[in-house]
Amino acid sequence: MVMLSINKAAIACALLLSPSYSHANWIDPDTPIAAHYTKPRQGPPPPTAKEHTNAKETTSKLHNRVPTPSPSAKPTTSPTEYPTLSPTASGTKNKSDDSFYKLIFSDEFNTDGRQFQDGADPKWTALDKNDYTNGALHYYSPENVYTANGDLIIETKAESHEYIGFNDTSRKNEMAEKHFQSAMLQTWNKFCFTGGIIEAEIQLPGKQDVGGLWPAFWLLGNVARHTYVGSTNHVWPWSSNVCTEKSMHAQRISGCMKAQHYGLHAGVGRGAPEIDIFEVQAGPTKAHHGPYYEMKVGQPFMSASYQVAPGRPNNRPGGGYWPGPGQWYEGLRGGENTSLNILFYGNYNHFRGDPDEKDYWSDAVSYNHQLDERHFVDKFKYRLEWELPDENSDGYIRWFINDHFVSEINGTGIVNAGVGKDRRVALVLTMPDALHLICIQ
């Protein structure tokens, strides 16, 4: 079980994988036997369009209607060539309703006083370093994560910390200071997986209407390690296994490479895509106000997202606008109290000193789900289902809270996006890369 808290947050983790993919046994003996197996959850059935049995009657009713480029009353689950009268049908079925996933990793955090500094724990490592990413105001310290009363506690404090950091402008190591301290817990190079189901029971930190914290529970390709920016530049969030003009220059380990080093195979691209089980933003701005004016979800919310490169290079939707015809991915579905995140579709990635040919787009396929005060005072179960493709399916990623459907990315929509067949690889990571877990506050 996992908990996050500013103050404190609490967590209990359980990862469940199909037996055909399991190669380890990391099960906590305190995990109940009933939790050793699970079946994929079914999302709600896709909406169906109303059928018109009398074409002549339908035409007579609509002949005075003047077509306009304005959207339908509610956003469709995927863009259509023209505004539709009813939602577009989509969705992905499970490969088998009888399939079971077997538990291979769990941590109940029942032992008080566990320590997570480098080398102290077989499953997790707490960072002891500055966070250079996203304008972070905190320093990560193992002192801010511990176990107590059957929970993992991640704590944020207003506390100054001096450190030696690298100045991107002067290109020198300098003494610096930050005035907040928190923790990040990773399974990097300890426990990784490709495909499966993960659950965590989490109480979010702070208050639902006060911003400033950014708690997250997410997955990252093991080729990179978060906050170690030298390992992520031109690696995050690449997931391409083909040689293209773009990947040749912009992807650090691309399918164009002929040399074989350190166990890497020639002609095989490597990278570190990102799957966010959640990233949470608290605050007072409600739906249909401020930046969320066009959305039915406001603060506080969680984002369930999949971030990947190469992104769509042309005809992209603009931030704050709903996607136009052909601008975004098909086969996306959101549940109740959930909205496509139209405020963030990804990044244009440029690194200091790079020529333009090394720049690249990365996509963020993301849904925001409405939270409330309960998520900050009680534990909720956050669940991710990541089904790999086979000869009959392109796979999918699904998100749930307390077994209620949040959103889904259909692998077929990724394949059909027109960026290349490598995007199927991007969704399911059939390349050798696996993902590791990260819990942060």
Item to check | From CH2 (Trp238) to NZ (Lys246), nearest 0.5 Å | outcome: 7.0 Å
Next on the checklist: Is it the case that the side chain of His289 and the backbone of Ala287 share a donor-acceptor pair, with hydrogens and angles ignored and the cut-off at 3.5 Å?
Outcome noted: yes
Next on the checklist: Rounded to the nearest 0.5 Å, what separates atom CD in Glu245 from atom SG in Cys256?
Outcome noted: 8.5 Å
Next on the checklist: Does the structure place the NZ or CZ of Lys123 under 6.0 Å from the centre of the six-membered ring of Phe105, at an angle of no more than 45° from the ring's axis?
Outcome noted: yes
Next on the checklist: Between Lys178 and Asn130, do the side chains contain a donor N or O and an acceptor N or O under 3.5 Å apart?
Outcome noted: yes
Next on the checklist: Quick check: closest heavy atoms across Ala364 and Trp328, and the distance to 0.1 Å?
Outcome noted: O-CZ2, 3.4 Å
Next on the checklist: Does the structure place the NZ or CZ of Arg333 under 6.0 Å from the centre of the six-membered ring of Tyr396, at an angle of no more than 45° from the ring's axis?
Outcome noted: no
Next on the checklist: What's the separation between atom OH in Tyr140 and atom CD1 in Ile154, rounded to the nearest 0.5 Å?
Outcome noted: 9.0 Å
Next on the checklist: Is the distance between the ring centroids of His249 and Tyr360 under 6.0 Å?
Outcome noted: no
Item to check | Which residues share a ring-ring contact (aromatic ring centres under 6.0 Å, His included) with Phe166, sequence neighbours left out | outcome: none
Next on the checklist: Salt bridge check, Arg316 against Asp363: does any charged N sit closer than 4.0 Å to a carboxylate O?
Outcome noted: yes
Checklist entry - Trp26 and Phe191: aromatic ring centres closer than 6.0 Å? => result yes
Item to check | OH-OG1 distance between Tyr101 and Thr38, expressed to the nearest 0.5 angstrom | outcome: 9.5 Å
Next on the checklist: Tell me whether the NZ or CZ atom of Arg312 lies within the 45° cone about the ring axis of Tyr329 and under 6.0 Å from its centre.
Outcome noted: yes
Checklist entry - When rounded to the nearest 0.5 angstrom, what is the spacing between CH2 in Trp218 and NE2 in His226? => result 4.5 Å
Next on the checklist: Quiz question: by atom type and distance under 3.5 Å, do the side chains of Asn368 and Ser303 form a donor-acceptor pair?
Outcome noted: yes
Next on the checklist: Would you say OH of Tyr293 has more than 12 non-hydrogen atoms from neighbouring residues, nucleotides or ligands within 6.0 angstrom?
Outcome noted: no
Next on the checklist: A side-chain contact here means heavy atoms from C-beta on lying under 4.5 Å apart; do His179 and Leu137 qualify?
Outcome noted: no
Item to check | From OH (Tyr139) to OG (Ser160), nearest 0.5 Å | outcome: 13.5 Å
